Number of protein chains: 2
Amino acid sequence: MKNAVFVALADPMRRQLLERLAMGPTTATGIADRFPVTRQAVVKHLGALEVAGMVAKERHGREVHYRLQSAPLGEASAWLTSLSARWEQRLLRLKRYVEEES
Amino acid sequence: MKNAVFVALADPMRRQLLERLAMGPTTATGIADRFPVTRQAVVKHLGALEVAGMVAKERHGREVHYRLQSAPLGEASAWLTSLSARWEQRLLRLKRYVEEES
DNA sequence: TTCATGTGCAACTCAACAGTTGCACATCAG
DNA sequence: CTGATGTGCAACTGTTGAGTTGCACATGAA
């Protein structure tokens, strides 16, 4: 699942979709009007985001509204900070070790 | 540049490389011994990570050591948390609005 | 020098993905 | 019902990237 999140985040268009969805739910057609791509392209991207759990569909009549799901974003962010923290901690240990030597 | 970071993070092998590099610098050959892939594959992945600024090369004799650069990880994480925060804030505003109505 | 090890470059295959187009189906307004 | 709008599904093209292989070059050790 985590993999699907990072795969989804790899595409610039999908990141733009996330930025747009952060302002509120929308339909694929509404998005396609403001982007230089087909509605089908938008639908596919939203599908990838849905597989990653970053977006949820909601049908109202004949319209399908997509809304952001922030949980996966938090998980991805947490993994990144954890990785960075492990490295920084290692640098800190090395620094202490060098200072101890002198 | 941000795009290269997310593209680099999209591959499971590269994320494993980052995990490995968080424990300390290594060579491509050393990594290839512990992974079921060719050295060349590792070199290519490390190249992608280098383009993204997440890894730095350092030559010692005939060996090339790769070490983690944590800055881009922090930037990527910051973007994710910012996006999530914007959405959460919007939900909060909506909640306040609804409570005000009643 | 000679050999082994580590690296760099280039070409190739294979699979996955972005984006498009065309058409069918569903839903709302008149 | 009729037309307009929104959506879903499928097939197709073009491109990108992962991984491999082969060979040449550089460096350290005997």
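None of the values given here were measured: they were computed from a predicted structure. Within every chain, numbering begins at 1; the chains are lettered A, B, ... in the order of the sequence lines, protein sequences first and strands thereafter.
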**Report entry** 5' precedence on DNA chain D between A:Gly30 and B:Val7 (nearest-nucleotide basis)
**Finding:** A:Gly30
Requested in this report: Hey, which sits more toward the 5' end of DNA chain C by its nearest nucleotide, B:His65 or A:Ala48?
Outcome: B:His65
**Report entry** Nearest-Å distance for atom pair CZ/P, residues A:Phe35 and C:dT20
**Finding:** 13 Å
Query raised in the report: Nearest to the side chain of B:Val64 - C:dG8, D:dG8, D:dG19?
Result: C:dG8
Report task. Considering just the side-chain nitrogens and oxygens of B:Arg39, establish if one lies under 4.0 Å of OP1 or OP2 belonging to D:dT20. Result -> no
Requested in this report: Look at the side-chain N and O atoms of A:His60 and state whether any lies under 4.0 Å from the OP1 or OP2 oxygen of D:dG6.
Outcome: no
**Report entry** A:Leu83 side chain reached by B:Glu19 side chain, heavy atoms, under 4.5 Å
**Finding:** yes
Report task. Please determine if a side-chain N or O atom of A:Thr38 lies less than 4.0 Å away from the OP1 or OP2 oxygen of C:dG19. Result -> no
Report task. Find the distance A:Gln40:CD to D:dT5:P and express it as a whole number of Å. Result -> 17 Å
Report summary line: Which of D:dA18, C:dG8, D:dG8 is nearest the side chain of A:Arg59? It is D:dG8
Query raised in the report: What is the nucleic acid contact for A:Glu63, judged by heavy atoms within less than 4.0 Å: base, sugar-phosphate only, or nothing?
Result: sugar-phosphate
Report task. Would you mind reporting whether A:Glu88 and B:Ser70 have side-chain heavy atoms less than 4.5 Å apart? Result -> yes
**Report entry** The single option from A:Arg15, A:Lys44, A:Met54 passing side chain to side chain contact (heavy atoms under 4.5 Å, CB included) against A:Leu49
**Finding:** A:Met54
Query - hbond_proxy B:Lys44 side chain to D:dG19 base (donor-acceptor, 3.5 Å cutoff) - result: yes
Report task. May I ask you to test the B:Leu17-B:Asp11 pair for a side-chain heavy-atom distance under 4.5 Å? Result -> no
Query raised in the report: Does a sphere of radius 6.0 Å around CZ in A:Arg34 hold more than 12 heavy atoms from other residues, nucleotides or ligands, not counting ones at 6.0 Å or beyond?
Result: no
Query raised in the report: What integer distance in Å separates A:Asp11:CG from C:dG19:C1'?
Result: 11 Å
Report summary line: A:Asp33 atom CG is separated from D:dT5 atom P, nearest whole Å, by 12 Å
Report summary line: Here the distance between atom P of C:dC17 and atom CZ of A:Phe6, to the nearest Å, is 17 Å
Query raised in the report: Expressed in angstrom and rounded to an integer, what is the separation of A:Met13 atom CE from C:dC17 atom P?
Result: 17 Å
**Report entry** Heavy-atom side-chain proximity of B:Arg86 to B:Arg90 below 4.5 angstrom
**Finding:** no
Query raised in the report: In whole angstrom, what separates A:Asn3's CG from D:dA18's P?
Result: 12 Å
Query raised in the report: Quick one: are A:Val43 and A:Val64 in side-chain contact, heavy atoms under 4.5 Å?
Result: no
Report summary line: Terminal axes of the helix from C:dT1-D:dA30 to C:dG30-D:dC1 (5 end pairs apiece), angle rounded to 10 degrees, sit apart by 30°
Report task. Give the rounded distance in Å between these two atoms: CZ of A:Arg62 and P of C:dC28. Result -> 7 Å
